Structures are given as C-alpha cells and as structure tokens.
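Bear in mind the structure is a predicted one, so any value in this text is a computation, not a measurement.
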Amino acid sequence: MRRRRRLMELTVMCRYPLTTESAMKKIEDNNTLVFITDVRANKRQISQAVKKMYDISCSKVNTLVRPDGVKKAYVRLTQDFDALDVANKIGII
C-alpha cells in the first residue's frame, strides 16, 4: 500500500487548480492556491507535488473532501512567493 502511494504521479495527485470566485479571493487575500486533488493523496504528497510542478514552496496545506467526493486542497505559499504571480504563471488568471 505504501509503495502504491509513492508511485502516484504528480499530475494524478494535483489534478487542476480551482478558478472559482472564492478561490480567487483566497489567492488575493491569503496568498493561497486552491487545487482539486486525488482523494487518496495526503497533505505531504500534495505539498511535494505542488513544489515539483510549479517550483514554489508552501508553508501549509489544508484539505477537505466535498460532499460530491472530490478532495480540495488549500495550499498556502511562503512569504517568498506571491500567489497572484504564481497564478499568472500557471494560467489561472
């Protein structure tokens, strides 16, 4: 089981960034990016995936599973990175 989780690919763990109005407010106010992730991914794996995919470091990851069964991850960036700049680089904004 442990080996299977390690083999999960980065794109499978972090499927796509969320671009809703509330996610945009998080980007502007809290320096936080919001991603839809795999339900089996844990906080440590999400943090490593975001770090490798976008070359940023995160200070904190909060997760929740929505009622429709999809996992959402709130990735708070360190003070060195601005979430608005990263969102522009990714193509969210």
Side-chain angles (χ1 to χ4, degrees):
M1 175 114 168
R2 217 173 184 185
R3 184 174 169 87
R4 189 179 332 145
R5 284 197 179 171
R6 262 191 255 144
L7 295 176
M8 247 197 303
E9 293 185 20
L10 299 177
T11 56
V12 173
M13 278 190 271
C14 280
R15 292 188 182 156
Y16 56 90
L18 201 60
T19 57
T20 60
E21 194 173 324
S22 61
M24 292 300 142
K25 187 154 179 63
K26 289 272 188 197
I27 289 172
E28 294 168 359
D29 296 342
N30 300 336
N31 202 29
T32 303
L33 296 172
V34 184
F35 292 96
I36 298 297
T37 61
D38 189 85
V39 178
R40 297 170 294 173
N42 59 30
K43 292 180 181 184
R44 211 172 272 142
Q45 290 172 332
I46 293 167
S47 175
Q48 290 172 354
V50 168
K51 185 176 184 178
K52 288 182 183 176
M53 288 171 65
Y54 302 115
D55 295 324
I56 56 177
S57 61
C58 49
S59 63
K60 184 178 182 180
V61 176
N62 290 331
T63 59
L64 67 86
V65 178
R66 300 189 319 193
D68 60 353
V70 177
K71 188 178 240 185
K72 194 186 325 185
Y74 296 95
V75 179
R76 182 152 191 180
L77 305 181
T78 58
Q79 297 296 325
D80 303 336
F81 297 97
D82 185 31
L84 207 54
D85 294 337
V86 175
N88 283 331
K89 188 174 102 175
I90 294 171
I92 298 174
I93 298 175

Roughly how far, to the nearest 0.5 Å, is CG of D82 from CD of E28?
->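 Going from the CD atom of E28 to the CG atom of D82 covers 10.5 Å.
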
Hey, are the side chains of I36 and K72 touching, using non-hydrogen atoms and a 4.5 Å cut-off?
->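 Yes, at least one pair of side-chain atoms sits under 4.5 Å.
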
Can you find a heavy atom in the side chain of V75 that is under 4.5 Å from one in the side chain of S47?
->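 Contact flag for V75/S47 side chains = no.
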
Stepwise, does the side chain to side chain contact (heavy atoms under 4.5 Å, CB included) test hold for M13 with T37?
-> CA-CA 5 Å; M13 278 190 271; T37 61; 5.8 Å; no

Got a list of side-chain donor-acceptor pairs under 3.5 Å for residues 85-93, not counting sequence neighbours?
from : atom 1 : to  : atom 2 : distance (Å)
N88  : ND2    : L84 : O      : 3.4
K89  : NZ     : Y54 : O      : 3.2

For residues T63 and A73, report the shortest heavy-atom separation together with the two atoms involved.
->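 For T63 and A73, the tightest heavy-atom pair comes out as CG2-CB, 4.2 Å.
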
Contact summary for F81 and N31, nearest pair of heavy atoms |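 Heavy atoms only, the tightest pair is O-ND2, 3.1 Å.
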
Going by atom type alone, with no hydrogens or angles, which donor-acceptor pairs under 3.5 Å involve a side-chain atom of residues 64-71 and a protein atom two or more places apart or on another chain?
from : atom 1 : to  : atom 2 : distance (Å)
R66  : NE     : D68 : OD1    : 3.3
R66  : NH2    : D68 : OD2    : 3.2
D68  : OD1    : V70 : N      : 3.4
K71  : NZ     : V39 : O      : 3.4
K71  : NZ     : A41 : O      : 2.7

Might you work through the side chain to side chain contact (heavy atoms under 4.5 Å, CB included) test for F35 and I46, ending with a clear yes or no?
-> CA-CA 9 Å; F35 292 96; I46 293 167; 5.8 Å; no

Solution key, residues 17-27 side-chain donor-acceptor pairs under 3.5 Å, sequence neighbours excluded:
from : atom 1 : to  : atom 2 : distance (Å)
T20  : OG1    : S22 : OG     : 3.3
T20  : OG1    : A23 : N      : 3.3
K25  : NZ     : D29 : OD2    : 2.9

Is the backbone of Q45 close enough, under 3.5 Å, to the side chain of Q48 for a donor and an acceptor to pair up by distance?
->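 Here the side-chain-to-backbone pair does not exist.
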
